Amino acid sequence: MLYAFGFERVGVVVGDLYFVDPNPGNGQEGPEHGVRVELRVLGRGELKGSIYSARPIEVGEPIWRADLLESVAGRPGSFDRTHHHPRFTGWNPNRRVFVKELSADPLGWLGTQLADLDAMLASGGFPADTAGPDDAESLRRTAPEIMDATRRLLDGVRSGELGNPPRGESPAVGSSAADGGAALVRAGWL
């Protein structure tokens with residue numbers, strides 16, 4: 001499932017995720033699932049027909065990401081894999097950053113981050129004018145809705161409705177395309 005909240009030049013996308021890290025850190029082995037929240041650059045395309053035509057919308061370059069993940073084999077509510085990526089190199093996130101406050105209160109921490117667009121842009125290495133002049137206020141005002149959507153997705157993951165492995169693919173760990181296994185196991189929009 002994917003939620004999108006768009007403002008003038010930036011937006012927030014939120015979706016469920018199932019992921020097996022092909023190069024896990026120590027203690028991070030095995031499948032994980034949960035909710036991914038990303039701040040992205042948005043683009044408006046030109047109309048493709050009359051004044052009534054649908055407008056193409058680009059959910060572009062990532063600026064910032066929070067992964068509210070848990071080990072599939074772990075205790076629900078542990079947030080044992082919860083981390084964030086304050087910076088990307090192009091489309092690729094830099095290393096996972098684990099913050100005690102994020103694992104202790106993921107939604108509260110998320111709300112604090114969403115309240116400070118300027119800080120997210122700065123930590124991501126983006127100039128302030130990446131966002132529109134009203135984007136920070138719009139994001140602050142919409143943060144409760146974003147947090148509510150995130151909460152609903154987390155509930156869906158815990159119930160088993162969301163955050164599941166891709167249909168028809170084995171969630172095996174440690175296999176690669178060379179030995180006949182899946183090179184990447186990832187399900188979700190984000």
Side-chain angles (χ1 to χ4, degrees), residues 1-3 12-40 61-116 119-126 146-147 149-190:
M1 177 160 302
L2 177 70
Y3 287 92
V12 174
V13 288
V14 184
D16 65 304
L17 178 70
Y18 178 94
F19 186 70
V20 177
D21 191 336
N23 188 24
N26 191 24
Q28 301 292 303
E29 301 85 8
E32 50 197 25
H33 62 174
V35 175
R36 175 167 282 171
V37 180
E38 290 180 341
L39 177 67
R40 296 279 200 96
E61 188 174 10
I63 298 169
W64 174 93
R65 173 189 288 171
D67 284 326
L68 310 183
L69 302 176
E70 299 174 341
S71 168
V72 170
R75 180 182 55 81
S78 69
F79 293 106
D80 61 335
R81 304 279 179 90
T82 297
H83 61 276
H84 73 113
H85 300 274
R87 185 178 277 273
F88 280 73
T89 301
W91 288 83
N92 290 306
N94 289 1
R95 294 178 91 38
R96 292 179 169 191
V97 176
F98 293 89
V99 179
K100 185 177 181 178
E101 296 81 13
L102 172 55
S103 292
D105 181 12
L107 292 172
W109 184 90
L110 178 62
T112 299
Q113 302 307 301
L114 296 175
D116 195 349
M120 286 195 291
L121 289 168
S123 71
F126 284 80
I146 296 168
M147 292 166 53
T150 303
R151 182 181 299 107
R152 286 193 309 271
L153 288 172
L154 284 169
D155 290 346
V157 170
R158 294 219 176 92
S159 74
E161 177 186 347
L162 300 171
N164 295 310
R167 292 186 193 273
E169 290 192 36
S170 168
V173 179
S175 60
S176 69
D179 61 27
L184 172 69
V185 178
R186 178 174 164 173
W189 279 95
L190 304 172

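Owing to the predicted nature of the structure, the values given are computational and were not obtained by experimental measurement.
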When rounded to the nearest 0.5 Å, the distance separating CZ of R96 from CG of D21 is 5.0 Å
d(M120 CE, H84 NE2) to nearest 0.5 Å is 11.5 Å
Shortest non-hydrogen pair, R40 vs W91, comes out as NH1-CZ3, 3.8 Å
When you measure from the side chain of Q28 to the backbone of N26, do you find a donor-acceptor pair of N or O atoms at a distance under 3.5 Å? no
d(H33 NE2, R158 CZ) to nearest 0.5 Å is 8.0 Å
When you compare the side chain of P86 with that of V97, does any pair of heavy atoms fall below 4.5 Å?
yes
R36 side chain vs L17 backbone, donor-acceptor pair below 3.5 Å:
no
Here the gap from F19 atom CZ to D67 atom CG, rounded to the nearest 0.5 Å, amounts to 8.5 Å
Within the distance-only criterion (no hydrogens, no angle test), does the side chain of E70 pair as donor or acceptor with the backbone N or O of G77 below 3.5 angstrom? yes
- Task: For the residue pair W64 and W109, categorise the inter-ring angle as parallel (less than 30°), tilted (30 to 60°) or perpendicular (more than 60°).
- Result: parallel
| query | Looking only at atom types and distance, does a side-chain atom of S103 sit under 3.5 Å from a main-chain N or O of K100, one as donor and one as acceptor? | reply | no
Minimal heavy-atom distance between L153 and D16, with the atoms involved, is CD1-N, 4.2 Å
Going by the angle between their ring planes, with limits at 30° and 60°, are H85 and F88 parallel, tilted or perpendicular?
tilted
Looking only at heavy atoms, the pair that brings T82 and F98 closest together is O-CD2, 3.3 Å
Heavy-atom nearest pair, Y18 first then P31, reads OH-CB, 3.1 Å
Between Y3 and R152, the two heavy atoms sitting closest are OH-NH2, 3.2 Å
* **Beyond-backbone contact of L69 with H83, side-chain heavy atoms, under 4.5 angstrom** => yes
In this structure, CG of L114 is separated from OG1 of T112 (nearest 0.5 Å) by 9.0 Å
Result for side chain to side chain contact (heavy atoms under 4.5 Å, CB included) between R151 and one of L68, L110, I146, L107 points to L107
In this structure, CG of L121 is separated from CD1 of I63 (nearest 0.5 Å) by 5.0 Å
State, yes or no, whether a side-chain contact exists between E32 and S71 at a heavy-atom distance under 4.5 Å. no
Sequence neighbours excluded, the answer for side chain to side chain donor-acceptor pair (under 3.5 Å) partners of D80 is S78
P62 and G90 have their tightest heavy-atom pair at CG-O, 3.9 Å
